[in-house]
Amino acid sequence: MAPIGVDKAAAGQGVAARLKGVIRQDRIMTDPVMTYAYSGDASHYRLVPAVVVIVNTEQEVRAVIAAARAERLPLTFRAAGTSLSGQAITDGVLAVLGDGWRKLAVHEGAEQVTLGPAMIVANVNKALKPFNKKLGPDPASQATCKIGGVVNNNSSGMCCGVAYNTYHTMARLRVMLVDGTVLDSGDAGSVRAFRESHAELLGKLHDLHMEVCQDSELVALIREKYRIKNTVGYSINALVDFHDPIDILIHLIVGSEGTLGFVSEVTYNTIPEHPYKVTGLIPFPDPHSCGRAITRLSNGGVQQTHGVTSAEYLERRALAAVEHLPVMQPYLRFFTETSPAMLIDVTAESPEELEREIAAATAVLRAEGATDIDFGDGDAERAHLLWDMRKGFIPMFGATRPKGTTMLTEDVAAPVERLADFVIDMRKLLDEYGYDDGVLFGHALAGNLHFQMAADFANPAEVEQFDRFSVALGELVSVQYGGSLKAEHGTGRAIASFVELEWGATAYRVMQRIKALFDPEGLLNPGVLLNPDPQVHVHDLKRMPLADEIVDMCIECGFCEPACPSHHMTLSPRQRIVVTRERARLKASGEDPERLEALEEGFDYAGLATCVAGNVCALRCPVGIETGSMVIGERARRRTDSQRRVAHAVGGHMVALERGMKLGVGAQALSRTIIGDGATDALAGLARKLTGGAVPRVSSALRPGPGAPKAAPAGTGEKVVYFPSCATRLFGAATNEHGLLPTTEAMLALLRRAGFDPVVPEHAEGECCGQPFLSKGFPEEAERVGGRTRVELDRLSDAGRLPVLTDASTCAKHMREHPGEAVVADSAEFLIAEVLPRLKLTRKLPAVAVHHNCSAQRLKEQQAINALAAAIADKVVVLDAISCCGYAGDKGLFVPELNEHATRFGKAQIPAGCEVGLSTVSTCATGLSERMGIPFFSIASLLEKVSR
């Protein structure tokens with residue numbers, strides 16, 4: 001193990017100092033908030049790093065290695081932090097992958113794909129889908145987990161089995177060793193240079209290869225252990241599968257959990273994604289019959305890309321956690337108290353082959369007693385929902401655990417021919433050690449079972465119980481069944497103390513020699529994968545103190561993070577929850593008040609000011625945890641009486657506020673025409689600096705809005721109430737330059753063109769739904785201001801008899817959550833359903849870029865918006881690289897760095913010839929217009945133009 005500096009905090013500061021000038025300062029973190037934010041991965045362990053560094057290049061990685069070595073701190077690399085065995089945390093230096101590693105290059109014919117370690121697996125598969133190809137590894141966390149973690153854990157998944165993991169589908173690897181040398185196994189020059197510079201290392205690997213191959217008993221053990229899924233210890237099958245030391249080296253890196261080097265690039269051989277597939281949830285009368293059926297369907301444990309490509313075992317207690325989902329309702333009548341089910345995919349290259357494969361699978365299922373066999377006639381939506389249920393199983397079950405407990409998840413494997421007995425014995429073990437609420441499920445075609453349970457690690461008795469259970473588990477799986485204690489989650493801290501039990505003394509000594517060859521100092525992720533401490537699995541256990549009922553059931557899986565606009569700038573939703581829990585613990589215990597004060601102060605910007613609170617993170621969370629709602633509640637709790645009085649005064653003078661804001665926005669726009677953009681920005685920047693950020697930042701994209709439209713005389717058409725949102729009234733777009741009408745005028749024109757008689761509030765100026773007050777932490781004022789608007793809309797709509805629409809998704813969503821008698825539709829919904837069918841489109845645009853803002857996503861409007869965009873333009877480009885633009889009402893004015901960070905990948909998605917964009921909120925359109933290089937407009941403005 002690497003010697004750790006006596007003063008870890010000082011050593012962390014030393015690393016930061018050594019990296020100054022090499023890595024941008026905002027990517028080096030030693031403060032209490034940010035280091036604690038990175039203290040956990042998805043496992044049940046927690047370690048607070050001394051310093052966190054976000055790295056983007058090999059040069060930066062090399063510098064971090066040198067700094068860690070100089071300060072005598074261990075170094076751990078982290079990708080997405082979805083690791084379930086505690087391998088992505090450290091109390092030393094944590095190097096987190098930044099944006100620089102997002103390389104994706106699909107080779108000709110998509111037979112191969114080259115990837116940077118920060119690429120999310122699902123995004124890679126999305127790029128490969130047009131070619132009917134995919135990556136072999138398909139972990140359940142693929143919408144979040146990154147390639148760096150997949151390589152370093154040799155991750156597999158639902159359909160991967162053994163044959164299609166990284167070890168078997170990797171064509172090339174680029175890796176940096178602990179001395180800073182880079183080896184690119186696909187570059188002849190790099191390999192040649194490495195053979196010369198590292199002849200000693202390669203020679204010792206060759207000697208180790210020869211030594212192992214001459215030990216027939218060890219070779220037989222290795223062959224048997226890797227017949228099933230196995231990520232326990234190093235991939236020592238490389239020593240018998242390959243002869244060239246270069247091949248041995250790169251395959252030892254796979255599954256090494258960052259203990260041997262840093263993977264900077266990988267090329268995969270892709271596998272077919274056959275287009276014909278059916279999915280079935282097949283109930284069985286008992287676990288044994290289900291296990292027998294899976295064994296018969298498993299092809300002897302050899303995975304295929306056709307036929308039965310996946311068979312998930314779901315025990316009855318596991319099904320109980322998800323049986324409330326709509327997709328599960330047709331199956332409930334087949335479930336007894338003990339009946340498990342199999343989630344099965346049958347795949348083929350042609351319809352005819354699919355029919356044959358279904359018939360073959362059906363015969364096996366029927367013979368083993370399946371109580372219902374229904375493959376859904378190829379219903380893709382049903383299949384998608386069933387797999388979403390399965391992929392979200394870990395966090396969904398975690399949300400059912402007792403509050404304040406830590407979720408534990410382990411994965412084991414046994415020879416598939418013994419699966420039927422294995423599921424029975426695993427259930428007995430869980431019950432025997434008091435985990436009768438635990439559940440079993442898993443990728444059973446590969447003999448792989450997951451199990452989940454919960455424990456309160458603040459209770460020493462439960463720590464001891466977990467220790468005894470872990471020992472018994474090792475005996476059952478490793479000894480009795482000759483299986484693997486970690487089938488696909490990686491060894492980590494969870495299993496490091498059981499590696500020798502699993503492999504025996506001879507193989508274990510081989511693994512120790514491998515670590516010593518690559519990392520003689522023990523600098524890289526020490527104690528992970530190999531650890532002499534027999535109790536390491538019960539050290540540094542994660543506690544989950546109650547903090548806020550909105551988020552108490554979070555298991556810290558990290559599935560939310562890709563959606564968060566502030567992730568890697570300040571905090572992600574998971575990290576906001578993590579820091580909130582620690583603040584709650586320190587408040588309750590009374591310990592370390594200075595640290596608590598630092599966390600409270602740091603959370604103000606990192607946790608509150610930079611959270612858009614749009615809750616788009618909840619869409620990624622399998623149990624829908626709304627971290628944004630927690631943040632809004634915290635903002636409210638931090639408000640002072642004087643701040644509430646100011647908010648109350650503002651709420652009582654909304655007309656004056658609107659006029660003042662409109663005047664300010666107009667003044668900066670006028671200034672640009674008189675003194676130019678440069679001088680205007682300089683003056684505004686000076687004012688912002690002198691006031692400590694109290695003056696908003698301005699930009700050339702910030703345009704004054706059209707204000708409230710005047711009520712028109714009653715017409716003869718079908719009446720509809722149109723409420724122009726305050727955001728639309730205040731913030732406009734470059735409509736004049738592009739021959740467009742402002743949103744309010746365009747909406748009225750469209751309604752009339754479609755035969756409607758629009759009714760507009762006579763005094764719309766100053767009217768507000770209340771959402772801005774709620775977001776800022778003034779719920780009482782939000783209700784007062786919004787209540788006035790509800791009363792007016794109820795009156796105009798004749799108590800809801802007339803339809804009501806607004807032109808901002810955020811307002812529509814808020815008014816639905818705080819309804820009056822009138823049900824408010826968003827513009828996208830109303831335009832697609834009621835207006836578009838009555839229009840004649842005369843001149844479509846060549847292309848339009850579309851952004852789905854947070855509220856549009858929460859309202860599930862994407863399909864309607866895309867359909868409207870398709871009516872407006874010949875080509876529709878959805879900016880899926882931007883989950884949320886980060887403008888968030890006025891955050892683009894007061895926290896502009898959030899908008900800049902959130903949109904950083906969007907511009908690259910806009911193709912040549914696309915000159916306009918579309919957004920359903922005017923403030924979002926402002927931020928996108930500035931960052932994307934093209935102006936963004938409302939649906940109404942664009943649809944009005946093409947239907948003139």
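Note that the structure is predicted; figures quoted are calculated from it, not measured. For the numbers below, each heavy atom of this structure counts, side chains included, while hydrogens, waters and symmetry mates do not.
- No side-chain donor-acceptor contact under 3.5 Å links Asn448 to the backbone of Ala444.
- With Glu353 contributing its side chain and Glu349 its backbone, the two residues share a donor-acceptor pair below 3.5 Å.
- Counting only distance, with no hydrogens or angles, the side chain of Asn269 and the backbone of Gln112 share no donor-acceptor pair below 3.5 Å.
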**Message:** Using the rule given for side-chain contact (heavy atoms from CB on, under 4.5 Å), can you reason through Gln862 versus Gln857, listing the C-alpha separation, both sets of side-chain angles and the distance that settles it, and then say yes or no?
**Reply:** CA-CA 6 Å; Gln862 296 98 314; Gln857 293 180 57; 3.8 Å; yes
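- Under the 3.5 Å distance criterion, with hydrogens and angles disregarded, a donor-acceptor pair is assigned to the side chains of Thr347 and Thr309.
- With salt bridges taken as basic N to acidic carboxylate O contacts below 4.0 Å, one links Arg223 and Asp241.
- Contact record, Met176 with Glu58: CE-O, 3.3 Å, taken as the closest heavy-atom pair.
- Here Glu561 does not pair with Lys146 in a salt bridge; the nearest charged N to carboxylate O distance is not below 4.0 Å.
- Taking a cutoff of 4.0 Å between a charged side-chain nitrogen and a carboxylate oxygen, Asp99 and Arg904 qualify as a salt bridge.
- A donor-acceptor contact closer than 3.5 angstrom is absent between the side chains of Tyr164 and Thr305.
- Under 4.0 Å is where a charged nitrogen must lie from a carboxylate oxygen, and between Glu265 and Arg174 no such pair does.
- Although no hydrogens or angles enter the test, the distance criterion places no donor-acceptor pair under 3.5 Å between the side chain of Arg102 and the main chain of Met119.
- Salt bridge present: Asp244 and Arg195 bring a charged side-chain N and a carboxylate O closer than 4.0 Å.
- Using modelled atom types, no side-chain atom of Lys103 and backbone atom of Pro117 make a donor-acceptor pair closer than 3.5 Å.
- When each of Leu177, Asp184, Val182 is tested with Phe194 by the rule side chain to side chain contact (heavy atoms under 4.5 Å, CB included), just one qualifies, namely Leu177.
- Among Val263, Val254, Leu260, the single residue meeting the side chain to side chain contact (heavy atoms under 4.5 Å, CB included) criterion with Asn152 is Val263.
- The closest donor-acceptor contact from the side chain of Ser235 to the backbone of Ala238 lies at 3.5 Å or more, if one exists at all.
- The side-chain heavy atoms of Glu312 and His443, taken from C-beta on, include a pair separated by under 4.5 Å.
- Using a 4.0 Å cut-off between charged side-chain N and carboxylate O, Arg574 and Glu556 make no salt bridge.
- The backbone N or O of Tyr226 sits nowhere less than 3.5 Å from a side-chain atom of Asn237 that would complete a donor-acceptor pair.
- Between His567 and His901, the gap from one ring centroid to the other reaches at least 6.0 Å.
- Not a single donor-acceptor pair under 3.5 Å links the side chain of Ser156 to the backbone N or O of Asn165.
- In this structure, Arg296 contributes its side chain and Ala361 its backbone to no donor-acceptor pair below 3.5 Å.
- Here Arg192 does not pair with Asp187 in a salt bridge; the nearest charged N to carboxylate O distance is not below 4.0 Å.
- Residue Lys844 places its NZ atom among more than 12 non-hydrogen atoms of other residues, nucleotides or ligands, all under 6.0 Å distant.
- For the pair Arg390 and Phe441, the cation does not sit on the ring face, since its NZ or CZ is not both under 6.0 Å from the ring centre and inside 45° of the axis.
- The main-chain N or O of Asp880 is found under 3.5 Å from a side-chain atom of Gln909 such that the two form a donor-acceptor pair.
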